[in-house]
Structures are given as structure tokens and as C-alpha cells.
Amino acid sequence: MKVALVGIGKIALDQHVPAIAGSEDWDLACTVSRNGRVEGVQAFTDIHQMLAERPDVTVVSLALPPVPRFVAAQAALSAGRHVMLEKPPGATLAEVQSLQQIAKEAGLSLYTTWHSRMAQAVAPAKAWLADKVVTAARITWREDVRKWHPGQDWVFEPGGMGVFDPGINALSILTEILPGPVHLQSAELEFPSNRQTPIAARLTFSGNVLADFDWRQVGPQTWDIAVETTSGRLDLRMGGNVLEVDGKPVAGENTIMGEYPALYARMAELVRAGRSEVDLAPMIHVADAMTLGRRLTTDAFQF
Ligand code: NAP
């Protein structure tokens with residue numbers, strides 16, 4: 001299938017381009033980006049022009065930041081193309097629901113990807129927890145924003161989500177592996193005095209579930225989820241790639257390189273089956289935290 005990749009920036013070049021190149025399902029037919037391009041691939045700077053000139057491209061994959069994504073997704077669906085959305089799937093919940101409706105009416109596939117759910121140990125963790133009674137869980141997601149989002153001011157602008165940009169990855173895993181739903185009860189959000197989105201957040205959910213997100217961690221990075229059950233303890237480490245049960249490694253490997261190939265394989269399945277996959281559960285928790293969270297002001301942040 002021919003795919004157009006839109007928004008040639010960090011994640012497009014780090015993960016999407018290699019995942020497409022390594023798949024027999026996909027042919028990177030063209031890109032759309034104002035500045036970025038992929039060598040040897042036809043490059044457009046305007047999505048409307050691409051849609052008009054490349055009717056043979058049946059799928060559009062959007063690796064833009066969340067705020068400009070809706071307009072591009074709407075244009076692609078309206079032009080009869082299947083659409084794959086980077087996480088988080090939009091800047092608001094309602095805009096993603098609109099896209100879902102447009103896709104449904106047009107008989108097109110819409111896929112809200114959650115790359116962390118494709119981490120190697122997530123499916124084994126879900127299987128292990130399926131028949132357990134969960135008594136508590138703790139997410140610790142602490143990373144260095146300067147390393148993962150160098151100079152990307154959009155993460156601190158409205159709609160950029162701040163520390164929830166990585167934190168939503170943890171929430172995508174949590175909502176996938178827990179045997180039942182949880183809901184947010186309270187939150188503390190730390191906003192740098194010169195920014196519009198939080199740089200750290202501490203969330204309390206029902207069921208003794210806590211999350212600690214921080215974007216100021218230098219040195220070793222932490223992407224851990226610990227789940228206590230009445231029959232043992234599960235630890236997901238390295239962003240869902242390594243699983244330990246009662247302190248012993250049981251599944252996974254410390255690499256994220258399988259996540260994006262798995263997303264593109266899933267998109268190929270969805271298009272062939274004429275289906276969509278739209279899950280807003282991780283983003284609902286973020287919206288709830290922004291609604292209910294207590295705002296604290298902290299030191300100004302500069303890249
Ligand atoms: P990025 O490099 O800042 O943005 C991707 C590209 O989108 C930019 O290079 C830019 O290309 C285009 N763009 C940026 N702002 C735009 C705007 N207002 N209007 C139109 N185009 C715009 O960001 P990224 O890190 O790749 O992240 C993109 C998405 O991937 C985000 O939703 C993020 O959560 C997700 N993601 C990121 C990472 C990561 O490690 N960074 C990991 C997984 C997922 P042009 O200037 O060429 O148009």
C-alpha cells in the first residue's frame with residue numbers, strides 16, 4: 001500500500017521512515033512537510049496539493065504535533081484516504097470523535113496509534129494480569145525533555161500537553177494492561193512560570209493507582225510501571241519493553257525498535273479488514289488531570 005507521511009520531524013525520521021522501509025506491506029510514496037523531507041521520496045509542502053496530485057496514495061500517516069493534526073486528518077479523510085494518527089491522536093477529544101465519524105461515514109480506516117502499547121512486554125503483562133486482583137499500581141515516568149524534544153516549543157504551548165506528551169504513553173499501557181478501568185481522583189500539575197503546559201504531574205486514580213511524571217530527569221531515564229496483586233507483583237520496565245514478575249525477568253528486551261513496525265502492521269490489517277481502531281482512554285485521563293488538577297508554579301524553563 002502506498003502511504004504518504006506527513007510531518008517530517010523527529011519521530012518521522014527516527015521511527016516511521018525505518019518502519020515503513022522495513023515492511024513488505026508499505027511503500028513510502030511521498031512526504032508532506034514544510035521543511036523536512038526524505039531523500040529519494042517525492043516531497044510536498046502542502047497536504048491539499050499532495051491529495052490532489054497523488055490519488056494513488058491510499059493511506060496518510062500523520063506524524064505532526066497534535067494541534068495541526070486535525071486539519072490534515074480531516075483533509076485526508078475527506079479525500080477518501082485511510083488515516084493513521086500519531087499519539088496523542090489530537091489536541092482535543094471532540095476533534096478525534098469528529099474524525100471517527102467522518103471515517104465511519106466514508107467507510108475508511110482511522111487508527112489512533114499508541115506506540116507504547118506495542119512494546120514487547122505489554123501483551124505478556126496484560127495476559128499475566130487478566131486473572132489477578134490488582135491492589136495497587138505506581139507509574140514512574142521521568143525523562144529529560146531536552147533529550148527527547150530538543151527545541152520543540154510546541155510541547156509547552158496550549159495543546160502540546162507538556163509532560164503528558166510522554167506521560168500519555170504510560171497511561172496507554174496502564175489502560176491496556178489493567179483488568180478493569182480506573183478514574184482520576186486528584187492531580188498536582190507543575191507549570192514552569194513561563195510556559196502553558198506542565199513539566200511535572202502527580203496523579204491519583206481510583207484503585208490505589210498513582211502516577212509520577214517528570215520531564216526534568218537528567219541521567220538515567222525511568223519508564224516503569226509496578227502493579228501489586230493479591231498473587232504477586234508485576235514490574236514493567238523500559239517503557240513496557242521488559243517484564244518482571246516478583247523480581248524475576250520473564251519477558252521482553254530493552255529496545256523500542258519493534259513498536260513502529262507493529263503499528264504499521266496493525267494499520268495494514270485494519271485497512272485490509274475495512275476497520276477502524278479508535279481508543280481515547282489514555283487521553284481521557286490527561287483531559288481529566290487538566291480539568292481536576294491543582295496548578296503549582298515552578299521555575300521558568302528554557303531549552
Ligand atoms: P516535531 O519534530 O517537532 O514535529 C514533526 C514535524 O511536524 C516538524 O518537523 C514540522 O515539520 C511539522 N510541524 C511542526 N509544527 C507544525 C505546525 N504547527 N504546523 C504544521 N506542521 C508542523 O515533533 P515529533 O517529536 O516528531 O513529534 C510529533 C508527534 O509524534 C507528537 O505527537 C509526539 O507526541 C509524537 N511522538 C514523538 C516522539 C519523540 O520522541 N519525539 C516519540 C513518539 C511519538 P515541517 O517544519 O517540515 O513542516
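Heavy-atom basis, side chains included; hydrogens, waters and symmetry copies ignored. Just so you know, ligand 1 is whichever comes first in the structure, and atom 1 is the first atom listed for that ligand. What you see is a predicted model; the values in this text were computed from it and never measured.
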Engineer: Got more than 12 heavy atoms from elsewhere within 6.0 Å of CH2, Trp154?
Structural biologist: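 More than 12 within 6.0 Å, yes.
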
Engineer: Between Trp128 and Lys132, is there a cation-pi geometry (under 6.0 Å to ring centre, at most 45° from the normal)?
Structural biologist: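 Judged by the rule (NZ or CZ under 6.0 Å from the ring centre, within 45° of its axis), Lys132 counts as positioned above Trp128.
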
Engineer: Quick check against the 3.5 Å criterion: does Ser23 have a side-chain atom that pairs as donor or acceptor with the backbone of Ile20?
Structural biologist: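 Side chain of Ser23 to backbone of Ile20: no pair is present.
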
Engineer: Taking only residues at least two apart or on different chains, which pairs with a member in residues 88-124 satisfy ring-ring contact (aromatic ring centres under 6.0 Å, His included)?
Structural biologist: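 Every pair satisfying ring-ring contact (aromatic ring centres under 6.0 Å, His included) with a residue in residues 88-124: His115-Tyr260.
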
Engineer: One thing to verify: whether Glu143 and Arg216 come together as a salt bridge, which I'm taking to mean a side-chain N less than 4.0 angstrom from a carboxylate O.
Structural biologist: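 Salt bridge absent between Arg216 and Glu143.
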
Engineer: Would you confirm whether Asn194, through its side chain, and Phe301, through its main-chain N or O, come within 3.5 Å as a donor-acceptor pair?
Structural biologist: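 At least one qualifying donor-acceptor pair exists.
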
Engineer: At less than 4.0 angstrom from any atom of ligand 1, which residues have a non-hydrogen atom? List them by chain and residue number.
Structural biologist: Gly7, Ile8, Gly9, Lys10, Ile11, Ser33, Arg34, Asn35, Gly36, Ala63, Leu64, Pro65, Pro66, Pro68, Arg69, Glu86, Lys87, Pro88, His115, Trp148, His149, Gln152, Trp154, Asp165, Tyr260

